[in-house]
Trainee: 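So that we are looking at the same thing, I have put the structure below in structure tokens.
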There are 4 protein chains.
Amino acid sequence: MARITSEAKETSRQRLLEEAAAHFARDGFDRANINSIAIAAGFAKGTIYNYFTSKEELFGEVLTMACRRAVTRYAGSPHGNSVRDRLAALVAADVDVLREQEPFMKVLIREAMGFRPDTYPIIVEHLAPFLDVLIEVLATGVEAGEIRNDRPPAQLALLFVGTLTMLYVQYWGSGGAWPTLEELPELALATFLDGAGT
Amino acid sequence: MARITSEAKETSRQRLLEEAAAHFARDGFDRANINSIAIAAGFAKGTIYNYFTSKEELFGEVLTMACRRAVTRYAGSPHGNSVRDRLAALVAADVDVLREQEPFMKVLIREAMGFRPDTYPIIVEHLAPFLDVLIEVLATGVEAGEIRNDRPPAQLALLFVGTLTMLYVQYWGSGGAWPTLEELPELALATFLDGAGT
Amino acid sequence: MARITSEAKETSRQRLLEEAAAHFARDGFDRANINSIAIAAGFAKGTIYNYFTSKEELFGEVLTMACRRAVTRYAGSPHGNSVRDRLAALVAADVDVLREQEPFMKVLIREAMGFRPDTYPIIVEHLAPFLDVLIEVLATGVEAGEIRNDRPPAQLALLFVGTLTMLYVQYWGSGGAWPTLEELPELALATFLDGAGT
Amino acid sequence: MARITSEAKETSRQRLLEEAAAHFARDGFDRANINSIAIAAGFAKGTIYNYFTSKEELFGEVLTMACRRAVTRYAGSPHGNSVRDRLAALVAADVDVLREQEPFMKVLIREAMGFRPDTYPIIVEHLAPFLDVLIEVLATGVEAGEIRNDRPPAQLALLFVGTLTMLYVQYWGSGGAWPTLEELPELALATFLDGAGT
DNA sequence: CATGAATGAGAATTCATTCAT
DNA sequence: AATGAATGAATTCTCATTCAT
């Protein structure tokens with residue numbers, strides 16, 4: 001195997017990342033097993049080290065990729081409409097990513113909750129562009145009078161991300177029973193914008 | 001004599017549970033180290049096995065205790081006032097528990113985010129009474145017209161717990177920068193009841 | 001097993017060091033096998049890590065002990081006689097140590113020839129007192145006119161150690177055929193002091 | 001065409017041997033890395049196996065070549081003069097080889113000190129002609145009364161080789177500080193022929 | 001009850017070697 | 001001939017658990 005490599009190698013790398021994401025999502029970093037990941041990807045255990053120098057690096061790459069994919073959801077977000085519509089579009093896009101990349105998203109969220117000093121910076125770094133978009137949308141909303149102006153947009157953005165995350169966690173924790181992925185976007189908006197009070 | 005002995009034993013057990021909570025909170029289940037926990041509690045490695053049959057069981061006991069303590073926060077909650085006031089009292093009590101039992105709470109939340117089939121049932125089971133109180137308060141609020149009636153109180157309760165949890169996570173994740181524990185109760189209420197919209 | 005430990009533990013440690021020396025002597029650092037050493041000492045592989053934190057440390061301890069033992073040979077060296085007699089006594093003592101601690105000496109010499117940056121300093125450090133004695137003896141000899149004064153005693157000491165080492169190497173290399181341990185001391189003296197010329 | 005090809009092949013083989021020598025000299029057999037050797041020689045890992053069947057064989061070839069080169073130093077040694085002069089010429093030639101082929105010489109000496117049953121015979125076998133020349137010179141010296149006759153020339157030859165080797169080791173061990181390559185030949189002769197006594 | 005030495009299953013990692021291209 | 005992806009045996013090290021004292 002040589003020469004025609006580069007594409008093939010990239011494919012193998014993707015296969016490994018895919019399986020690694022699935023295993024990290026299911027088992028967490030410590031319980032995930034390098035050997036099992038390799039086998040699941042159709043390789044022997046040594047092969048993984050032709051692509052990643054260590055379990056940590058592999059995890060970091062999965063995380064990086066998860067962040068990257070999560071961020072792309074904002075790429076085509078509409079600009080013209082109301083803040084509610086724009087947020088709705090963002091959440092809809094986000095849930096689509098979740099559907100397609102569930103293991104990666106799960107790793108991301110699971111790890112974000114772990115408070116581990118070696119992974120937290122990775123997440124923060126990669127989530128920054130994501131938050132920036134959100135902040136911009138919310139700041140626009142504040143100017144337009146659609147969003148309450150008693151908090152800085154940066155804090156509002158964190159609350160929004162937190163709300164979304166919490167709903168994902170409940171989705172996973174309930175085994176998909178409630179909320180379902182279908183109702184999740186509307187629920188997120190209502191929870192964040194309207195509150196439960198009358 | 002028997003009583004003194006068993007009291008002493010209970011004290012030792014508590015010491016072990018405290019230290020175990022601290023370690024599990026800081027390191028997570030897999031990275032926590034039985035030896036370190038024993039040492040920190042002033043015992044040798046082997047002694048832990050006079051109190052708990054395995055690391056898993058120790059963890060389960062920590063979790064159980066965390067749930068039990070968390071639930072006690074509702075014991076003396078006021079009954080007469082508005083839903084907002086009652087929720088405020090609940091959150092205040094909760095944050096007090098958090099302050100005093102931070103490691104236990106951290107273990108609880110951390111584990112709740114892990115979706116692990118062997119620990120999730122424990123959490124759900126122990127959180128049930130906690131949720132019941134909340135559901136009752138919210139149901140009252142719906143009847144009184146203080147809470148929107150477009151969702152079942154059980155779902156509202158989950159949303160409320162989720163909101164609170166998310167704020168704790170951001171508190172820990174930010175190293176206590178935002179939100180602070182002082183502003184957290186008011187923030188939780190505002191977020192849950194009022195929403196960010198105008 | 002507890003309480004009466006300390007002596008027993010020291011015994012176990014010695015057993016491990018003894019076997020480690022034998023294995024390092026025979027196989028060298030890289031080919032020596034932690035598992036085999038433990039087994040040979042009558043332990044399971046994990047046990048070695050109750051005594052030494054790593055293979056490197058174990059090796060360092062073996063080396064340190066080899067140096068310590070080697071140096072003791074000079075403890076009772078006679079002071080009154082001629083330089084030749086004093087050197088003879090030193091060599092005789094040295095060969096005695098070799099006989100009793102062959103694996104340790106072999107590790108020492110083998111490693112000294114390996115020029116490895118992580119072990120060379122250990123050897124140099126531990127050999128210093130050893131060289132100091134030698135330098136003192138030779139300096140005395142120079143003053144007494146028994147030793148040529150065209151080289152600093154420090155260099156002469158290195159030449160002497162080198163000569164001795166070289167004879168040990170030939171002893172081991174020849175499988176004990178030539179020189180034998182019996183004739184080695186006299187041979188060392190004659191080689192170092194008299195030379196091969198007429 | 002065949003010849004050009006085989007010449008090219010021979011060149012590649014030489015390149016590999018040179019790099020292998022450098023790596024074995026620096027890192028020792030076990031720590032030397034097939035991949036690094038190949039890369040350093042401008043090839044990929046696999047290519048080495050077109051020239052040598054295994055790491056062991058490669059090492060054996062390096063050793064063989066080191067011996068072969070070491071032996072050539074005696075080819076043009078002068079015959080007419082005194083033993084001292086002839087030895088001086090031999091050592092001078094030897095040091096020249098050392099200068100030019102340092103890695104090979106280092107491998108040779110390093111390995112000779114290792115007492116390994118699979119490599120020792122190779123060394124002995126290849127050093128035989130080398131020793132024969134030396135024995136002849138020394139035997140002549142004994143007859144001429146220049147060399148003491150209380151030891152067989154074969155033993156004297158071993159002592160001489162040992163003295164030289166020891167000085168090389170000290171040269172490398174001291175990082176070239178003492179002895180320097182310039183003073184080494186004279187030092188070897190003085191040490192071997194004259195001794196340190198008066 | 002407490003101790004801590006001993007255990008050994010399990011996991012990550014290395015690297016010489018193979019072989020399809 | 002050259003390549004380099006794939007392999008898997010081998011090795012070090014960790015740590016929960018046991019048990020004799």
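Predicted, not measured: the structure shown is a model, and the values here were computed from it. The sequence lines fix the lettering, A, B, ..., with proteins before strands; numbering per chain opens at 1.
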Trainee: Heavy atoms, side chains only, cut-off 4.5 Å: are B/Leu58 and B/Tyr51 in contact?
Mentor: no

Trainee: Could you state the atom-to-atom distance from CD1 of B/Ile37 to P of F/dC15 in whole Å?
Mentor: 12 Å

Trainee: Students often get this wrong, so: under 4.0 angstrom with heavy atoms, is B/Tyr51 touching a base, only sugar-phosphate, or nothing?
Mentor: sugar-phosphate

Trainee: So D/Gln14 and D/Leu17, do their side chains get closer than 4.5 Å, heavy atoms only?
Mentor: yes

Trainee: Just by modelled atom types, is the B/Met113 backbone N or O under 3.5 Å from a matching donor or acceptor in the A/Arg110 side chain?
Mentor: no

Trainee: In whole angstrom, give the distance that lies between atom NZ of C/Lys9 and atom P of E/dT3.
Mentor: 15 Å

Trainee: Is a side-chain N or O of D/Lys55 found less than 3.5 angstrom from the main chain of D/Ala32, in a donor-acceptor match?
Mentor: yes

Trainee: Anything below 3.5 Å on both distances counts as a pair; with that, list the stems of at least three consecutive Watson-Crick or G-U pairs involving DNA chain E.
Mentor: E:2-21 with F:2-21

Trainee: Contact between D/Leu63 and D/Glu111 at the side-chain level, heavy atoms closer than 4.5 Å - yes or no?
Mentor: yes

Trainee: Rounded to the nearest Å, what distance is computed from the CZ atom of residue C/Phe43 to the P atom of nucleotide E/dG8?
Mentor: 13 Å

Trainee: Identify the pairs formed between an N or O of the protein and an N or O of nucleotides 11-15 of chain E at a distance under 3.5 Å, and give each distance.
Mentor:
from: E/dA12; atom 1: OP1; to: A/Lys55; atom 2: NZ; distance (Å): 3.2
from: E/dT13; atom 1: OP2; to: A/Tyr49; atom 2: OH; distance (Å): 2.7
from: E/dT13; atom 1: OP2; to: A/Lys55; atom 2: N; distance (Å): 3.0

Trainee: Can you tell if the side chain of B/Met65 reaches within under 4.5 Å of the side chain of B/Arg68, non-hydrogen atoms only?
Mentor: yes

Trainee: Between C1' on F/dA5 and CD1 on D/Ile39, what's the gap in Å once rounded to a whole number?
Mentor: 14 Å

Trainee: Rounding to an integer number of Å, can you tell me how far D/Phe52 CZ sits from F/dA1 C1'?
Mentor: 14 Å

Trainee: Over 60° means perpendicular and under 30° means parallel, so tell me whether D/Phe29 and D/Phe24 are parallel, tilted or perpendicular.
Mentor: parallel

Trainee: Taking the side chain as everything from C-beta on, heavy atoms only, tell me whether D/His23 gets closer than 4.5 Å to D/Glu19.
Mentor: yes

Trainee: Could you tell me how far apart B/Ile48 (CD1) and F/dT18 (P) are, to the nearest whole angstrom?
Mentor: 13 Å

